[in-house]
Amino acid sequence: MDSESLLLSLELASGSGQGLSPDRRASLLTSLMLVKRDYRYDRVLFWGRVLGLVADYYIAQGLSEDQLAPRKTLYSLNCMEWSLLPPATEEMLLQTSVVSGRFLGDPSHEYEHTELQKVNDGDKVFEEEVVIQIKEETRLVSIIDQIDKAVAIIPRGALFKTPFGTTHVNRTFEGLSLSEAKKLSSYFHFKEAVELKNKTLLEKADLDPSLDFMDSLEHDIPKGSWSIQMERSNALVVLRSLLWPGLTFYHAPCTKNYGYIYVGTGEKNIDLPFML
């Protein structure tokens, strides 16, 4: 959710229980303005909160003028002091895939994982137990990246792509109509397209290249991983991810108000294919 409309956005998302205390709201309003100024971001999004056993991680993301350029991610434990996280790498994702369970809430905490590695000793090859230490901060980076790639979404038309390939906020976007807002095909993954590149020219014939340049939610796997509901007498559409419980997207049809927030434990629902 955009930090400039934070109070309204939190109100729209409050139906899912994603509220914040008044002092946290006040701290976020001030500190995110300073983050935008100091880091010179075009936009700052309040991404959400990863719940820990001892403390919670509050997450924000900074966007450049090109909206699909890699986002900068920051975290805070008190909503006032923010620390920049490093970008996620394949090595990080692989390293943290062995860690499960709840976050503690201490960035310096180290998880220990024991694995067998092959060791060469002359002509002999034997296996040796090696203890690998994984920092919780690294795990936080990995989880945020996975959630972003899987369930960060925006409505169709909110962004537009220029002939030069850059992506900008569509200032003329006035929201989806009520009928469009009820369709999964009206929502896109907020990242560079993957599946779109595999479509045939015939499938792309009816697409507008300036608007339909991201992957739609309607073909997400597993099918049925999104819950879409109309609330407040059809004045608000809410999408909830069943794959990453805690991710809520909201949009008020016929208005510019939309956004998403994640409030959860950072755990993926790996049993979802068996539940559908």
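Note that the numbering runs from 1 along the sequence shown for the chain.
- Here Phe249 and Tyr187 bring their ring centres to under 6.0 angstrom of each other.
- Using a 4.0 Å cut-off between charged nitrogen and carboxylate oxygen, Arg240 and Glu231 count as a salt-bridge pair.
- In this structure, the side chain of Ser97 engages the main chain of Leu94 through a donor-acceptor pair within 3.5 Å.
- In summary, the aromatic rings of Trp47 and Tyr262 are positioned with their centroids under 6.0 Å apart.
- A donor-acceptor contact closer than 3.5 angstrom is absent between the side chains of Gln61 and Arg43.
- Proximity of a side-chain donor or acceptor of Gln67 to a complementary backbone N or O of Ser64 within less than 3.5 Å is detected.
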Atom pairs and distances, donor-acceptor, side-chain atoms in residues 32-41, under 3.5 Å, two or more places apart:
from	atom 1	to	atom 2	distance (Å)
Lys36	NZ	Glu4	OE2	2.4

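- Heavy-atom contacts from other residues, nucleotides or ligands closer than 6.0 Å to CD of Glu218 number more than 12.
- Note that CZ of Arg102 is 5.5 Å distant from OG1 of Thr265, once rounded to the nearest 0.5 Å.
- Counting non-hydrogen atoms of neighbouring residues, nucleotides and ligands closer than 6.0 angstrom, the CD atom of Gln229 exceeds 12 such neighbours.
- Remark: the Tyr57 side chain and the Glu136 side chain contain an N/O donor-acceptor pair separated by less than 3.5 Å.
- Between Asn257 and Leu8, the closest side-chain pair of non-hydrogen atoms falls below 4.5 Å.
- Asn170 places no side-chain N or O within 3.5 Å of a backbone atom of Phe160 that could act as its donor or acceptor partner.
- Phe188 approaches Leu211 most closely through the heavy-atom pair CE1-O, 3.4 Å.
- Between His109 and Tyr111, the ring centre distance stays below 6.0 Å.
- Here the side chains of Met214 and Leu68 are in contact, with some heavy-atom distance below 4.5 Å.
- Of the charged side-chain nitrogens involved, at least one lies within less than 4.0 Å of a carboxylate oxygen, so that Arg156 and Asp212 count as a salt-bridged pair.
- Using a 4.5 Å cut-off on side-chain heavy atoms (C-beta onward), Met230 and Leu236 make no contact.
- Between the side chains of Asp220 and Trp226, at least one donor N or O lies within less than 3.5 Å of an accepting N or O.
- Contact between Tyr58 and Arg24 at its shortest, heavy atoms only, is OH-NE, 3.4 Å.
- In terms of modelled atom types and a separation under 3.5 Å, the side chain of Asp66 and the main chain of Thr167 share a donor-acceptor contact.
- You'll find the side chain of Ile144 reaches within 4.5 Å of the side chain of Asp148, heavy atoms only.
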